[in-house]
J.: 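Mind looking over this structure? Questions follow.
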Amino acid sequence: MKKLFFPLLVITFALSAVSHYSQWGAAVEFGFAGLAILFAAGLLGKATESVAHYAGQRLGGLLNATFGNAAELIISIFLIKEGLFEIVKASLTGAIIGNLLLVLGVSAFAGGLKYKEQKFNVHLAGQNASLMLLGVIALFIPAIFVKTEHISEDNTMTMSIIVAGFLIVAYFGWLVYSMYTHKSLLEDHVDTKADHGEEPEWSKGMSILLLVVATVLVAFISEWLVHTLDTFSSRFGLSDLFVGAFVVAIVGNAAEHSAAVLLALKNKMGAAVEIAIGSSLQIALFVAPALVFISLLFEDQMNLIFSTIEIAAIGVAAFIASSISRDGSTTWYEGKLLLIVYAILGVSFYFV
């Protein structure tokens, strides 16, 4: 399969490009773009995992989450340019719950089938739980005030900018805390044989080069994917909420899916949790707020007011993920619970 990966990546990218520029139809374009972005995100995941080997687990987890979210960020920017704010918010919601429930769930389930119990840093799990709660609060408070007090559109935008600024400050504060001042406290001391003597597939320079190439590929495919969403959703009778929260989010999170599950299967659950939960935190505390500021560059601006359904979904995902991961260990059964909650939300979103 490894030998076929790069040829399949080239073929799917070429088919996606041809179908887009030749206008083969929204359904065909969406299918090829979705397939191509899975391979591009797979390359992104493999490259970040290789870079992580040279950078260490903590920085590696951050890099994996950051570049794994590159697809989500790029897709969202093109959606904002098109004025599709509801799909942006739905895709952000889907990215958060997808990482907390689907990525973490599959990782815990797959790793738990191979190992009876997988452990990771308890202090890190507690800090992640607190940050997830902050993300829920930051989305809940502005939404409830705007919807109950009928705040004007201008003031709503001003409030969104201020709250977005606070979230970005909190995120960079977390980076300083976790990477510098309390780095030793958050290191995963449980998995003392994390590397198992493995060598990365590529050199450091090649890994960085492939990381850049994969990001560029994702950028092109993301733009082609966005142009098909309106026609695709209307043709199949799907709501913008469902398309954004599940279709776009699953495609955009392909890098995290592959990398986290592979790490869990190698009994590196600490790194898998770092990717899954760390990616959700990055979406809530950095990507979503950053998109508010990026939208100021366009004619129409996006606020930070999410719908009641989206906030409820994020709150539920954060609650159960926090409950399961707070003790610093996971089993296959806990992974199954996360997947059941994800399925329940998927069915509910489908009927909206």
Side-chain angles (χ1 to χ4, degrees), residues 44 47-70 72-73 76 92 95-96 99-100 103-104 119-142 159-191 194 204 207-208 211-212 215 255-256 259-260 263 268-294 296 304 314 318 321-322 325-326 328:
L44 202 60
T48 49
E49 186 179 1
S50 183
V51 171
H53 176 88
Y54 298 103
Q57 181 174 300
R58 293 284 302 125
L59 182 57
L62 174 64
L63 287 172
N64 211 317
T66 301
F67 281 94
N69 283 331
E72 182 68 36
L73 179 62
S76 296
L92 293 174
I96 294 171
N99 281 299
L100 291 178
V103 178
L104 184 59
K119 296 184 177 182
F120 48 93
N121 190 298
V122 178
H123 187 79
L124 177 62
Q127 293 297 323
N128 283 339
S130 298
L131 284 168
M132 281 190 283
L133 181 59
L134 170 64
V136 173
I137 291 171
L139 295 178
F140 175 77
I141 295 298
M159 181 193 297
S160 297
I161 292 171
I162 293 171
V163 173
F166 282 133
L167 287 176
I168 291 174
V169 168
Y171 178 71
F172 281 104
W174 165 244
L175 291 183
V176 173
Y177 178 86
S178 62
M179 295 293 174
Y180 297 101
T181 64
H182 290 71
K183 181 179 178 180
S184 60
L185 188 65
L186 299 175
E187 286 177 349
D188 197 349
H189 300 294
V190 175
D191 189 8
K204 184 177 180 180
S207 300
I208 294 172
L211 203 59
V212 174
T215 304
E256 285 97 328
L263 287 167
K268 301 179 184 180
M269 197 60 202
V273 169
E274 186 76 15
I275 292 171
I277 296 183
S279 183
S280 288
L281 292 176
Q282 192 175 75
I283 290 285
L285 302 182
F286 178 73
V287 174
L291 287 172
V292 172
F293 287 104
I294 290 172
L296 298 177
L304 202 61
I314 293 172
S322 172
S325 65
R326 189 181 283 274

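All of these numbers come straight from a predicted model, not from anything done at the bench.
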J.: Can you establish whether the number of heavy atoms outside Phe293 located under 6.0 Å from its atom CZ is more than 12?
T.: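 More than 12 heavy atoms, drawn from other residues, nucleotides or ligands, come within 6.0 Å of this atom.
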J.: In Å and rounded to the nearest 0.5 Å, what is the OG to CD1 distance from Ser280 to Ile96?
T.: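 It comes to 6.5 Å.
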J.: Which distance, rounded to the nearest 0.5 Å, do you find between the CD1 of Ile162 and the CG of Leu167?
T.: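 Interatomic distance, Ile162 CD1 to Leu167 CG, rounded to 0.5 Å: 12.5 Å.
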J.: So which heavy atom on Met269 is nearest to which on Lys119, and how close?
T.: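 Reported closest heavy-atom pair: CB-O, 4.4 Å.
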J.: Minimum heavy-atom separation for Leu291 and Ser76, please, with both atom names.
T.: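 Where Leu291 meets Ser76 most closely, the heavy atoms are CD1-CB, 3.5 Å.
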J.: Provide the closest heavy-atom pair for Ala284 versus Pro289 in the form atom of the first, atom of the second, distance.
T.: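 Nearest heavy atoms, Ala284 then Pro289: O-CD, 3.5 Å.
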J.: Taking it one step at a time, do Trp174 and Met179 satisfy side-chain contact (heavy atoms from CB on, under 4.5 Å)?
T.: CA-CA 8 Å; Trp174 165 244; Met179 295 293 174; over 6 Å; no
J.: How many angstroms lie between CG in Leu73 and CD1 in Ile294, if you round to the nearest 0.5 Å?
T.: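 If we round to the nearest 0.5 Å, Leu73:CG and Ile294:CD1 are 5.5 Å apart.
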J.: If every non-hydrogen atom of Ser207 is compared with every non-hydrogen atom of Ala47, which pair is closest and at what distance?
T.: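 So the two residues come closest at O-CB, 3.8 Å.
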J.: Please give me the minimum heavy-atom distance between Leu304 and Ala164, naming the atom from each residue.
T.: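 Minimum heavy-atom separation between Leu304 and Ala164: CD2-N, 4.2 Å.
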J.: Between atom OG of Ser279 and atom CG of Leu100, what is the distance when rounded to the nearest 0.5 Å?
T.: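 Separation between the atoms: 9.0 Å.
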J.: How far does OG of Ser178 sit from CG of Asn128, to the nearest 0.5 angstrom?
T.: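 One gets 9.0 Å once the value is rounded to the nearest 0.5 Å.
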J.: Apply side-chain contact (heavy atoms from CB on, under 4.5 Å) to residues Arg326 and Val122 and explain how you reach the verdict.
T.: CA-CA 7 Å; Arg326 189 181 283 274; Val122 178; over 6 Å; no
J.: Between atom CD1 of Ile277 and atom CG of Asn99, what is the distance when rounded to the nearest 0.5 Å?
T.: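 Going from CD1 on Ile277 over to CG on Asn99, the span is 9.5 Å.
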J.: Applying side chain to side chain contact (heavy atoms under 4.5 Å, CB included), name anything that partners His182, two or more places apart in sequence or on another chain.
T.: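 By the side chain to side chain contact (heavy atoms under 4.5 Å, CB included) rule, His182 matches Tyr177, Leu185.
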J.: Could you check Val287, Leu139, Ile314 and say which one makes a side chain to side chain contact (heavy atoms under 4.5 Å, CB included) with Leu92?
T.: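 Looking at Val287, Leu139, Ile314, the match for Leu92 under the side chain to side chain contact (heavy atoms under 4.5 Å, CB included) is Val287.
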J.: So which atom in Ala290 and which in Ile168 form the shortest heavy-atom distance, rounded to 0.1 Å?
T.: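 In this case the closest contact between Ala290 and Ile168 is N-CD1, 4.1 Å.
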